[in-house]
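Sharing a structure below in structure tokens format, with a few things to ask.
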2 protein chains.
Amino acid sequence: MNAGRFSPDAVRLDDAARAGWLYYVAGNTQDEIARKLGVSRQSAQRLVAMAVSEKLIKVRVDHPIARCMDLAGALSDRFGLASCEVVPSDPDAPDLLTGIAIAAAAELERTLKSPERRIVSLGTGRALKATVEQLPRMSCPQHVIVSRLGNMMQDGSASPYNATISLAERIGAPHYPYPLPVLARHPAELSAMRNQEAVQNTIRLCERADLSLVGIGQMDRSAPMFLDGFASAAEMDELAALGAVGEITSWVYDREGRIIDCAFNERVASAPLPRAGERPMIAVATGEAKLPAIRAALVGHLVNGLITSEATAERLLAG
Amino acid sequence: MNAGRFSPDAVRLDDAARAGWLYYVAGNTQDEIARKLGVSRQSAQRLVAMAVSEKLIKVRVDHPIARCMDLAGALSDRFGLASCEVVPSDPDAPDLLTGIAIAAAAELERTLKSPERRIVSLGTGRALKATVEQLPRMSCPQHVIVSRLGNMMQDGSASPYNATISLAERIGAPHYPYPLPVLARHPAELSAMRNQEAVQNTIRLCERADLSLVGIGQMDRSAPMFLDGFASAAEMDELAALGAVGEITSWVYDREGRIIDCAFNERVASAPLPRAGERPMIAVATGEAKLPAIRAALVGHLVNGLITSEATAERLLAG
DNA sequence: CACTTCGACGGGCAAATACTCACAAAGCCT
DNA sequence: AGGCTTTGTGAGTATTTGCCCGTCGAAGTG
């Protein structure tokens, strides 16, 4: 028999383990445990509580979702997120948008269910488009949908993946498209544009949004920004040289999540991106290619929420 | 996305898992869960209850309870066991399988965690079935699961309590069902069966198993063997007259743990039971009714490991 | 199309559980 | 020894949980 074996502490811990076993495994009530161990009910409660606080009780949830919640918790801790959701990946198609779109739609739906007026601001992109498609039709004339960035290029042609209009249509809410192109031709033009009453108003709405959903764009040659023609190859190279790793509503940032001070960003007409606000600003993004962009956005607190896939969450934590 | 992924049931189960995680792992109250998931408190309660009833929640107590360790040590000494585990009993339900199933699952898990290939052989019975249910899902394609005995009666109907298939499914490992019925009709038939290539191969796997878990059957009128229809009342009487007190994978033995030389055993098709091998052969059994059967198995070194309950351990040592 | 059945929902309530507080016993320092 | 801190205890109370039951809507049926 070793020394500490019967020390008061050890005996008490044994009792705690026994109480914890009777409670969690055998399903007794604390009253029954008290009777069986011959102590008062309050003591039994304390023993059970001790078993928990001393980590004697290990609980695990045996469902794929559980792993996702573990990952979500870890991401929240690591990056100080107010909200984080991780969706199971299909191993064969880990970056399918459907999963995160469903999760993002659920988040959106919760906000829209409110009877009080809510302002929802949206970015653009495939992920958000898919999100809106997952939202059931509902009637919410009390809310307002506002776009955080323009819908067209300098030449007036419309950008695809505009989620604002579809969302507003789907839920029957008034909406505010962003009344500017994505990029101004030069900084001077931009400041003139910004003075317009409608623009000011829209930006104010964005600032007051009760929920904002944005996509995250990577900065390599598969960048949405490049593919959709908002930036030329030359511009992409230039940005890459400045350390750009990602963009949110066209604001280009570096690997620390700092909006880069450069010619391109000086032409970005989108609503300003507040750093780490109080209000939910949630990124909806997944995919190997977007990893550096997502990581930087989290590090720089450009967003305080994330909806992503299991595979991406794992990579984010590993890196 | 596979078919069932978004079926209503699956979604509900996901929510249940989520609720269970938030409740048991994250320590939320049901009210908080309700708010987070956007449902009423009552629904949250139902989800948590479902997570429990669907066995999504696994609890184990991580503490060597002194009394149980004493009993385990005493049993090991007395019967020369290589391993012995005693789990606390609930005084009002001393023979609950849950407790020993959790312990056996933990043992099994230790073996399965190995990156090298392991061969695990299993018997049948309620205890083993419960054990497999306690095992978390994991991915172990490197291991092999093999059954020590058949899964069906002479007429081809399947026996319940088959643990091999569930285990193999749960961990995604290849498995070898035992390619014979439990009993042959007569010894001649048996020796013909034994010559089959598949049978030889399966038996060899059993002999090389790195871990074997078996149940223990008593031989009175509550015998699993009798209740499940593998032996008639007449056969049971005959065996009792020959001094049978228990059976392991259908091999019937007497109170000294000797396999009885009799007509019944000559028809048993199960893999041979090596006496006191080097490799772990662990019995998972508890209950007043099984006492003589367990004691004899230990005395005769039919097994070299035991997982049982506190109450049973005490009785074994007392007798 | 009306009717029945079934399952889910949420309100309400009683039981179970967690927390607070005041007190007493035990260890500890001076 | 005496005061001090620490730790456990029981009583009382607030919170949380489990369950019953009436209601409602969807799906099935004649």
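First the proteins, then the strands, lettered A, B, ... as listed; each starts at 1. None of these values were measured; they are calculated from a predicted model.
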Minimum-distance pair of heavy atoms, taken over all atoms of Arg208(A) and Arg279(A): O-NH1, 3.0 Å
Of all heavy-atom pairs between His63(B) and Asp14(A), which one has the smallest distance, and what is that distance? NE2-OD1, 2.7 Å
Residues Trp21(B) and Asp70(A): side-chain donor-acceptor under 3.5 angstrom: yes
How about Ile145(A) and Ile171(A): do any of their side-chain heavy atoms sit closer than 4.5 Å? yes
When the side chains of residues 101-110 of chain A are checked against the rest of the protein, which donor-acceptor pairs come out under 3.5 Å, sequence neighbours left out?
residue, atom, partner, partner atom, Å
Glu107(A), OE1, Arg110(A), NH2, 3.3

Nearest heavy-atom approach of Gln218(B) to Ser222(B) is NE2-OG, 3.0 Å
Which pairs of donor and acceptor atoms, one on a side chain in residues 45-56 of chain B, lie under 3.5 Å apart (sequence neighbours left out)?
residue, atom, partner, partner atom, Å
Ser53(B), OG, Ala49(B), O, 3.4
Ser53(B), OG, Met50(B), O, 3.2

Which residues, if any, of residues 31-62 of chain A bring a heavy atom under 4.0 Å of DNA chain C? Arg41(A), Gln45(A)
Do Thr286(B) and Val87(B) have side-chain heavy atoms sitting under 4.5 Å apart? no
Nucleic acid contacts - residues 16-30 of chain A versus DNA chain D, non-hydrogen atoms under 4.0 Å: none
If the condition is salt bridge (charged side-chain N to carboxylate O under 4.0 Å, His left out), which residues does Arg148(A) pass it with, not counting sequence neighbours? none
Any donor-acceptor pair under 3.5 Å from Glu32(A) side chain to Thr29(A) backbone: yes
Taking the axis from the first five pairs and the axis from the last five, what angle separates them in the helix from dC1(C)-dG30(D) to dT30(C)-dA1(D), rounded to 10 degrees? 30°
